[in-house]
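One structure is given here, and the rest of the page talks about it.
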Amino acid sequence: MAALQASSVLVSSSSSSSSSSGRPSKRTIAASIQVPKPSKLSLADHRSAATAKELVKELSTRNGYAFTEPLQMDVAQKDRVLEPRLSPTTSFETIAKLYAILEAVEERVEMHDNIGEQRDNWNKLLLNSVNMMTLAATTMAAMAATSPAPSLRLCSALLFTATTGMSLVMSKIQPSQLAEEQRNASRLLKQLRGEIKSMLALQSPTESDVKEMMEKVLALDGAYPLPLLGAMIEKFPAKFEPAAWWPRVSNNRHHSQGRKTVKNMKQNGWSKDLEMEMRAIVQVLKSKDKQDYLRLGNLALKLNKTLAVSAPLLAGIAMASSAFGGSMATTVAAIAGAMAAIVNSFEHGGQVGMVVEMYRNCAGFFVLMEETIKATLEESDYSKRENGEMFEMKVAMKLGRSLSQLRGLARKSMASCIEGTEADEFGSKLF
């Protein structure tokens, strides 16, 4: 527009000058109009770019997880190439296998959560039912002792019979312990899920990582089975043993992580002082924490065995006494029924089976810590270990301590070993 206005001004000025002079003259007027060229829009380019962006978004958010490696768009003037950049040791098949394992872990978490809630409901419903039946039968037996009535004795005998059978079933399966097993399985599977997600996000997984994750999932399946018949964990073993939910500790995981965390040090963050510190921590966990939970677990197991036998036995005595008849017999039935209700409430209301499983799981945690630290220290090649500073931080976090507290604990443990005394402090501050 500015060019057009300038041209019109030039034309008007030239015409007025020629008319004022009155002489014919030939003039050449050159006007240039500069118009910006319209940009060439290609709908195909925009469509392909939009399609590529949608594909990247779909792959990045598929199944709700972040994609392993960011998809890099190599945008040229004509061609657009959607190509993921992967490590030389990683393939799409390896990533696909890890995603398949991750989906299986998610499904198992849901199953264990649902079954754990169901078995917790079993404990509550069965406990309430057994106690109501026991108290009703006890009341009938007490009434029959004061005013003999065959119908009362018969009803109390039937109720005591049903109570005895249900008490035997509850003592055998221990619903509170079953619910705690499923809660532990769900927690450990969620921990494994986070480990797989971290591996996909921060590392370049290999086939050995896939194999290790599969072994961990199968080990958890064996440690915490879902079915009751045939595969249920023995509730009253001859000897209390820690839980074991992991496969044989190997250094494959430390190998893969060590390559990712190597710093500019020849020993990958490890030193002789750090190795001595880890050995001192192992000594504390082995002599204090694990032994304490084994001792408590044995006590809880013995108490649970006594209660599991006493409740059905007392209910059976009440059943026989009520069926036998007579004033003295019905009195014994009433007393035995009341005692059976008390024992049953203490056993299942107090969830003694859950306490046994909790101690078993805590002892297993310290065994796993001990095996993991020992397996790491036995690896002679520092480059194949996990970075020493990272490993020390993980141990401190698992024990609920800061790094300074962990080092202080190690110094106390080494001092007690030199003096020939036992350490007076537990390793874990979490439990």
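Residue E117 qualifies as open at atom CD: its count of foreign heavy atoms under 6.0 Å is 12 or below. For CE of M414, the number of neighbouring non-hydrogen atoms (other residues, nucleotides, ligands) closer than 6.0 Å is greater than 12. Counting heavy-atom neighbours within 6.0 Å of M358 CE, excluding the residue itself, gives a total above 12. No more than 12 heavy-atom neighbours from other residues, nucleotides or ligands sit within 6.0 angstrom of CE on M276.
Between T376 and E386, the side chains place no donor N or O within less than 3.5 Å of an acceptor N or O (distance only, hydrogens not considered). With hydrogens and angles left out, the side-chain atoms of R183 and N361 include no donor and acceptor closer than 3.5 Å. Residues D381 and S383 bring a donor and an acceptor atom of their side chains to less than 3.5 Å of each other. With no hydrogens or angles considered, a side-chain donor-acceptor pair links S186 and D113 at under 3.5 Å. In summary, the side chains of S345 and N131 do present a donor paired with an acceptor at a separation below 3.5 Å, with no hydrogens or angles considered.
A distance of 8.0 Å separates CZ in R407 from CG in L274, rounded to the nearest 0.5 Å. Once rounded to the nearest 0.5 Å, the distance linking CG of D209 with CD1 of I101 reads 10.0 Å. In this structure, the separation between CG on N114 and CE on M111 is 9.5 Å, given to the nearest 0.5 Å. Between I281 atom CD1 and L399 atom CG the span is 7.0 Å, to the nearest 0.5 Å. With rounding to the nearest 0.5 Å, the separation of CZ in R187 from CG in L192 is 12.5 Å. Here CD of E277 is found 9.5 Å from CD1 of I373. Values are rounded to the nearest 0.5 Å.
Side chain of N387 to main chain of N268: a donor-acceptor pair is present (N/O by atom type, distance under 3.5 Å, no hydrogens or angles). In this structure a side-chain-to-backbone donor-acceptor pair under 3.5 Å is missing from S321 to A318. Listed for the S167 side chain is no donor-acceptor partner under 3.5 Å among the backbone atoms of P312. Looking only at distances, a side-chain donor or acceptor of K305 sits under 3.5 Å from a matching main-chain atom of P237. When atom types are taken as modelled, the side chain of T164 and the backbone of A315 share a donor-acceptor pair closer than 3.5 angstrom. For the pair S171 (side chain) and L168 (backbone), a donor-acceptor distance under 3.5 Å is absent. Remark: the backbone N or O of G269 is not paired with any side-chain donor or acceptor of Q267 at under 3.5 angstrom. Between the R385 side chain and the S380 main chain, no donor and acceptor come within less than 3.5 Å of each other.
Nearest heavy-atom pair across A157 and S322 is N-OG, 3.4 Å. When all heavy atoms are compared, the tightest approach of G116 to Q182 is CA-CB, 3.5 Å. In terms of heavy-atom proximity, S129 sits nearest to M166 at CB-CE, 4.2 Å. Here the closest heavy-atom approach between residue S156 and residue A137 is recorded as CB-O, 3.5 Å.
Within the cation-pi definition used here (under 6.0 Å to the ring centroid, within 45° of the axis), K288 qualifies as a partner of F426.
Contacts classified as ring pair (Phe, Tyr, Trp, His ring centres under 6.0 Å) and involving residues 284-334 (residues at least two apart or in different chains) are given here: Y293-Y359, Y293-F366. Residue pairs meeting the ring pair (Phe, Tyr, Trp, His ring centres under 6.0 Å) criterion with at least one member in residues 136-164, sequence neighbours excluded, do not occur.
Shown here are the side chain to side chain donor-acceptor pair (under 3.5 Å) partners of T330, two or more places apart in sequence or in another chain: there are none. With sequence neighbours left out, the side chain to side chain contact (heavy atoms under 4.5 Å, CB included) criterion links L307 to L303, V343, F346, E347, V352. Every residue meeting the side chain to side chain donor-acceptor pair (under 3.5 Å) condition with R295, not counting sequence neighbours, appears here in chain and number order: D292. Residues passing the salt bridge (charged side-chain N to carboxylate O under 4.0 Å, His left out) test with R119: none are found, sequence neighbours excluded.
Ionic pairing of E371 and K374 is not present here: no N-O contact between side-chain nitrogen and carboxylate oxygen is shorter than 4.0 angstrom. A salt bridge is absent between E389 and K394; no separation between the charged side-chain nitrogens and carboxylate oxygens falls under 4.0 Å. E212 has a carboxylate O that lies under 4.0 Å from a charged side-chain N of K216, or vice versa, which qualifies the two as a salt bridge. Using a cutoff of 4.0 Å between basic side-chain nitrogens and carboxylate oxygens, K290 and E370 are scored as salt-bridged. A salt bridge links D120 with K124; the closest basic N to acidic carboxylate O contact falls under 4.0 Å. By the 4.0 Å N-to-carboxylate-O rule, D424 lies too far from K412 to be salt-bridged with it.
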| task | May I have the step-by-step check of salt bridge (Lys or Arg N to Asp or Glu O under 4.0 Å) for K235 and E181, ending in yes or no? | result | CA-CA 11 Å; K235 298 300 181 290; E181 290 172 6; 3.4 Å; yes

| query | Q351 and Q177: side chain to side chain contact (heavy atoms under 4.5 Å, CB included), yes or no, with the steps? | reply | CA-CA 7 Å; Q351 299 190 0; Q177 188 170 350; over 6 Å; no

| field | E357 and R360: CA distance, side-chain angles, deciding distance, side chain to side chain contact (heavy atoms under 4.5 Å, CB included) verdict | value | CA-CA 5 Å; E357 182 61 27; R360 201 173 75 92; 3.1 Å; yes

| field | From CA spacing to verdict: side chain to side chain contact (heavy atoms under 4.5 Å, CB included), Q174, H348 | value | CA-CA 8 Å; Q174 293 291 313; H348 300 291; 4.1 Å; yes

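Taking the side chain as every heavy atom from C-beta outward, H112 and N184 never approach each other to under 4.5 Å. The closest side-chain heavy-atom distance from E107 to E110 is not below 4.5 Å.
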